[in-house]
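Let me begin by presenting the structure, written as structure tokens, before commenting on it.
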Amino acid sequence: MENKILYLPNDVLSLYCEYVYSEGNILYEYCGHGVIAPDITYKVVESRNMQDVGVKEIQNPSVLVNDFKFMYNDAIFCDMEIRTLTKTFPAHKAVLSARSPVFRSMFSNNMKEKNSGHVNITDIEDDTVHRMLLYMYTDSLKDLQFESASKLYVAADKYQIPSLKSRCSFFLKENLSPTRSSEILILSDQHQDIDLKCYVQNYILENYKDIFGTEEWKDFMDTHLKLAADVMYRFTLCKISDP
């Protein structure tokens with residue numbers, strides 16, 4: 001065996017190796033060699049030579065996303081239709097079932113949707129249904145605005161898509177404003193979202209000077225007295241506890 005002294009010092013095998021590792025989006029490849037001391041695990045004590053031999057971007061996950069988007073947009077082998085009052089969206093039972101337990105229940109149990117080949121959605125607008133379906137296929141949201149996020153939040157809650165509901169909730173939190181605070185407080189209460197509700201209540205308490213005098217807040221107090229009373233109660237407690 002060549003280089004026996006290098007690779008079998010004291011009749012103990014030391015390994016030459018090449019390895020690859022990834023830190024996420026970038027793939028780094030390194031190679032090196034050396035003698036590993038028998039009494040010190042993993043410590044290279046001679047001829048250690050590591051070199052970056054190349055940097056290569058790994059295949060982007062968007063390839064898969066684009067394929068599913070193409071499958072949705074081109075209605076490839078669709079076996080189900082989502083029907084609104086004015087539009088029909090071709091879809092796939094497998095994708096809908098994987099993303100929503102509500103759809104899964106429709107297609108698994110002896111319900112009319114299972115045999116009819118379509119699901120009627122009459123209480124959600126076309127744009128919202130499209131956004132929901134696109135998210136179910138691609139896990140992506142584009143061009144989201146406050147109003148569309150609010151409507152999509154409702155749809156996500158109805159069809160039990162927690163990741164979509166969470167992302168809409170995050171968007172609403174990040175884009176909350178004094179004139180929108182009462183609207184989102186009502187929304188969170190209607191959908192029993194304690195996390196969003198507490199966030200909005202805290203936002204109102206922190207920005208009460210910009211909120212309590214607005215027309216939106218006055219209308220809110222007229223139509224949702226209990227919710228407004230809860231906020232005012234917390235506001236009073238905060239004032240009492242202030243030094």
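- Transitive grouping of hydrophobic side chains (ILVMFWY, heavy atoms separated by less than 4.5 Å) keeps L237 and L185 in distinct clusters.
- In this structure, a donor-acceptor pair under 3.5 Å is absent between the side chains of Y137 and N73.
- Between L152 and L144 there is a side-chain heavy-atom pair separated by less than 4.5 Å.
- The aromatic ring centres of H92 and Y72 sit 6.0 Å or more apart.
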Derivation of the side chain to side chain contact (heavy atoms under 4.5 Å, CB included) call for T84 and N120: CA-CA 6 Å; T84 66; N120 291 321; over 6 Å; no
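- Using a 4.0 Å cut-off between charged nitrogen and carboxylate oxygen, D189 and K197 count as a salt-bridge pair.
- Looking at V119 and M106, their side chains come closer than 4.5 Å, going by heavy atoms from C-beta outward.
- Annotation: side chain of R83 is not in contact with side chain of I121 (no heavy-atom distance under 4.5 Å).
- Side-chain contact annotation: R180 with N175, donor-acceptor N/O pair under 3.5 Å absent.
- Residues D126 and L85 fail the side-chain proximity criterion, which asks for heavy atoms closer than 4.5 Å.
- A salt bridge links D195 to K173: one of the charged nitrogens lies within less than 4.0 Å of a carboxylate oxygen.
- Residues satisfying the ring-ring contact (aromatic ring centres under 6.0 Å, His included) criterion with Y159, sequence neighbours excluded, are F103.
- Between D127 and R131 there is a salt bridge, since a side-chain N of the basic residue sits under 4.0 Å from a carboxylate O of the acidic one.
- No path of Ile, Leu, Val, Met, Phe, Trp and Tyr side chains, each step under 4.5 Å between heavy atoms, connects L172 with I161, placing them in separate hydrophobic clusters.
- Linking ILVMFWY side-chain heavy atoms closer than 4.5 Å, directly or via other members, places V95 and F70 in a single hydrophobic cluster.
- Side-chain contact check for S181 versus F220: every heavy-atom pair is 4.5 Å or farther apart.
- For residues 149-172, the set of pairs meeting the salt bridge (charged side-chain N to carboxylate O under 4.0 Å, His left out) definition, not counting sequence neighbours, comprises D123-K158, E125-K151, E147-K151, D157-K165.
- S150 is listed as a side-chain neighbour of I184, based on a closest heavy-atom distance under 4.5 Å.
- Here D222 does not pair with K218 in a salt bridge; the nearest charged N to carboxylate O distance is not below 4.0 Å.
- Put simply, CD on E81 and CD on E113 are 13.0 Å apart, with the number rounded to the nearest 0.5 Å.
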Trace of the side chain to side chain contact (heavy atoms under 4.5 Å, CB included) decision for I82 with V129: CA-CA 9 Å; I82 305 297; V129 171; 4.0 Å; yes
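- In this structure the side chain of Y203 reaches within 4.5 angstrom of the side chain of I211, judged on heavy atoms.
- Contact check for N202 versus R234: side-chain heavy atoms found under the 4.5 Å cut-off.
- Note on ring orientation: taking the six-membered ring where Trp is involved, the planes of F171 and F146 are tilted (angle from 30° to 60°).
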Verdict with supporting geometry, V200 and L176, side chain to side chain contact (heavy atoms under 4.5 Å, CB included): CA-CA 8 Å; V200 179; L176 202 58; 4.2 Å; yes
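- Counting only N and O atoms by type, the side chains of S163 and Y135 include a donor and acceptor under 3.5 Å apart.
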